[in-house]
Amino acid sequence: MSSADTATEADTPAEPEAPRDERREALLARLQAELGSDLVGSHIRAGDDLWVRVTRDAWPTAAEITHRRLKYSFFDFLSGLDWLPSPFGRDMDSQEDILVHGQEAKEPPAMAQGYAGGETRFQVFARVYSLTEHMGITLKADLPDDDLSVGTWSGTYAGANWHERECWEMFGFHFVGHPQLAHLYLPGGFEGNPLRKDFPLLARRVKPWPGIVDVEPMPGGAGDDEEGGE
Amino acid sequence: MTALSDREQLTSLANQAADSRVNLEFETEGMTLNMGPQHPATHGTLRILVKLDGEQVISADPMPGYMHRGYEKLCEVRTYPQVTTLVNRIDWLGSFANEVPWILAAEKLMGIEAPPRAQYIRTILFELSRMANVSLFLGDLGIQLGGITVGFYAFRDREHVLNQIEAVTGGRFHPNFDRIGGLKDDLPKGWIAETKKAMEKMRAFCDEVEDLLFGNEIFQKRTRGIGLIPPHVAQSYGLSGANIRGSGVDWDLRRDACPPGLVYDKADWKVWTHPDCDSFSRSWIRLQETREATKIVDQLLDSIPSGPIMAKVPRIIKVPEGEAYVATENPLGEMGYYLVSKGDLNPFRVKIRSASFNNVSIVPWVCKGVYVPDVITILASLYFILGDIDR
Amino acid sequence: MGLVASGKVPKPLTHLLNMSRKYSLWCYQWGLACCAIEMGAAFASPRYDVMRLGVIPFPASPRQADLVVIAGTVTDKLAPAVRRLYEQMPDPKYVISMGSCSNCGGPYWDSYSVTKGVDQIIPVDVYVPGCPPRPEALLEGIVLLQERIQNEDPAERFRGDPIVVG
């Protein structure tokens, strides 16, 4: 864990006596040196991955730094995160309340951001990789609700072009400087941003989930810890 | 690392420029050609808007989305075991390979690991689905370049692999066999010997394809030097799998960053690269990969340990809170799931990083300046599955 | 043709006509998703060999086809193209819907972008269930369609009246 951990870090499962990961800590230190105060949060899971959160203004700069200075030139993906807990009860989390909470609808929990923290509902996140060091960095940036725009990566990582188009139609983020923000997946007249949590799946309203529980017994006699809903 | 020298790249660019100069003298009115959504030369429903000057492509703009099924949203309303059924259908030719990174991501957050026997069987099935996938690529490549015979052979010999997958999982196409913590069932009796025979047949198929296709002069003429992708461009577009190895980048997730739960380190095999960066090299690498896959399967079948196939997991699976990204080297390239869990029965957010999406996003870049028949070659050699682009 | 459309064909002639129609089905393959591969296995592989049933699976365009197999997921974005393809086919025309997705939406029954069944756009004659159906299942679907062709009154089909899907 680095010193730049934010307050929300406590919400993530604490790893007792977490093994240290010198390579990723060194990488984080380099990022810290390059980005300075624009790096606002970070998280390391030893031997696995590194999460870094930057400010919205530094989002294109971060891409420049990972690509040109750190030589993390392989582009994995770019997408968005909506941390709003689903405002719909049974329609969207159909199994959840039947199995665990009886028939009562559950109060949605408070909004909590994931690794490397965050303050806003929407985050843009991307992952880059180094083909020589075999390590990846997951970058995140907060987007305030009233202005869902962020600088484009398509000038740095050419592959980000399509990912940003997808993200634009799925979340409604605006990528400043993107050459052509046009629909990629959805037909032209589609209303709404499907991957936002407050976008309902109307088919589930019309007809509830047909199967309540997967009743297939597990092999090897495993899994009698909890009662199934047979 | 660099495949073509700078000089060679410049030569090819100069040649292309020379071509366009010639065309300027015979300049024709621009024409827009709409390939797809249903087109014999696209597998599935990719639509490509090609602007032409004579026979030369000015711009090619793929329009995916005709197969968009909204996986990432649907995953949010399924429980973890149910998602396996869904993700089978992303890359429908190598279905089992889609399940594995998903299961591994869930296992990583839950902190459980499958028993060794399950890991071996998983790896074997993974490679079998690679063969089922890539053998059809080889057939399809032949069909698109005018050699229909290879297609018939591919469909014939693919059945050997599908039979083996079906014998274990009960499904020819969509096994839905991987479980969090292990596998659904053990191997049936006599399967190992049968699979070894099937591997012999697959090797014979590879030899046949090599003779029929790769030694063919027309095939070589149509693929060599067509669709050049330099390594740095490939990386910046996020190309993976045989496409990036065909650009001379020696990188394979199976060897370099194999997630725990697969046992590629227990077998002796080789990662092939090809320095030419063209359509031929990408196709040739896939052929070699099929051969390597038969080798991996043979070796793992010999050393498969006995023991349970399922770890102790709770009946109702709840994945602890956290985030994880797990990627594996699927038949089409790097396939990964970024899983965000909030400790519920359903995942909170799933980002599916599918290989074909990135692989196809390079089409506008690589198709600029080529001739119409070369578009077919390039698309065939980039090798995409529509479900994998659109999800 | 006028005789057939007017419905005044003698019975033995109808029998003969139907028999010749059912054994020369030119089938357009509209492969969309996973099912396309199983359809390819049924139509193009030597193991299943659909031509022994009198189906010719290689017309160059829907305008030359009697039968279309909709194999795979139909999305809302694609639906107009499916409709247009169907309208291009000459009467009499038949549709086989292959696989759960084109039957009813299948595993994507709650998706925001998938059409819940191709029969919302075009009339379907035979539904082949499965996800995906095995090639044998598609062959059985074709045999069932042939039975249906044998027993039908060609006049209805040639007039191109809307077909009530039972």
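Note that these values count all heavy atoms, side chains included, but never hydrogens, waters or copies made by symmetry. Note that the coordinates shown come from a computational prediction; the quantities given were computed from them, not determined experimentally. In what follows, every chain begins at residue 1, and chains take the letters A, B, ... in the order their sequences are listed.
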Do NZ/NE/NH1/NH2 and the carboxylate oxygens of Arg45(A) and Glu323(B) come within less than 4.0 Å?
no
Quick check on Pro62(B) against chain A: is it the side chain, the backbone, both or neither that has a heavy atom closer than 4.5 Å?
both
Side chain from CB out, backbone as N, CA, C, O: work out which of these in Phe357(B) comes under 4.5 Å of a heavy atom of chain A, or both, or neither.
both
Whatever's closer than 4.5 Å to a heavy atom in chain B on Glu133(A) counts as neither
Quick one: what part of Ile352(B) sits under 4.5 Å from any heavy atom of chain A, side chain, backbone, both or neither?
neither
What part of His163(A) is in contact with chain B, defined as an atom under 4.5 angstrom from a non-hydrogen atom: side chain, backbone, both or neither?
both
Show your reasoning for whether side-chain contact (heavy atoms from CB on, under 4.5 Å) applies to His67(A) and Gln235(B).
CA-CA 10 Å; His67(A) 189 281; Gln235(B) 291 192 28; over 6 Å; no
Shortest non-hydrogen contact from Asp76(A) to Asn358(B)?
O-ND2, 3.3 Å
Applying a strict 4.5 Å limit to non-hydrogen atoms, the region of Trp83(A) in contact with chain B is both
Looking at Lys73(B) and Pro194(A), would you say the former's side chain and the latter's main chain have a donor-acceptor pair under 3.5 Å?
yes
Side-chain heavy-atom pair Glu76(B), Leu195(A) within 4.5 angstrom cut-off:
yes
Between Thr138(A), Asp48(A), Asn161(A), Val128(A), which has the largest tally of heavy atom pairs under 4.5 Å with chain B?
Asp48(A)
Do Lys351(B) and Phe125(A) meet the cation-pi criteria used here (NZ or CZ under 6.0 Å from the six-membered ring centre, within 45° of the axis)?
no
So, the part of Ala327(B) with a heavy atom under 4.5 Å from chain A: the answer is neither
Under a 4.5 Å heavy-atom cut-off, does chain A meet the side chain of Val233(B), its backbone, both or neither?
neither
State, to 0.1 Å, how close Phe74(A) and Ser240(B) come at their nearest heavy-atom pair, and which atoms those are.
CZ-CB, 4.2 Å
Tyr325(B) to Asp49(A) - nearest heavy-atom pair and separation
CB-OD2, 4.1 Å
For Ile389(B) and Tyr185(A) the tightest heavy-atom approach is O-OH, 2.6 Å
Nearest heavy-atom contact between Phe75(A) and Ser236(B) is CB-O, 3.6 Å
Scored by heavy-atom pairs under 4.5 Å with chain A, the best of Asp186(B), Val360(B), Leu74(B), Val326(B) is Val360(B)
Expected contact set for residues 251-258 of chain B against chain A at heavy-atom separation under 4.5 Å reads Trp251(B), Leu253(B), Asp256(B), Ala257(B)
Taking all non-hydrogen atoms of both residues, which atom of Leu84(A) and which atom of Phe348(B) are closest, and how far apart?
O-CZ, 3.7 Å
Which region of Pro64(B), side chain (C-beta onward) or backbone (N, CA, C, O), has a non-hydrogen atom less than 4.5 Å from a non-hydrogen atom of chain A, or is it both or neither?
both
Reported OG-to-CZ distance for the pair Ser361(B) and Arg165(A), which is rounded to 0.5 angstrom
10.5 Å
For Glu334(B), is it the side chain, the backbone, both, or neither that has a heavy atom closer than 4.5 Å to a heavy atom of chain A?
side chain
Could you tell me which portion of Met135(A) (side chain, backbone, both or neither) has an atom closer than 4.5 angstrom to a non-hydrogen atom of chain B?
neither
Taking atom types as modelled, is there a side-chain donor on Ser79(A) or Arg349(B) under 3.5 Å from an acceptor on the other?
yes
Contacts of Ala234(B) that satisfy side chain to side chain contact (heavy atoms under 4.5 Å, CB included) - sequence neighbours left out
Ile229(B), Leu239(B), Ile244(B), Ser247(B)
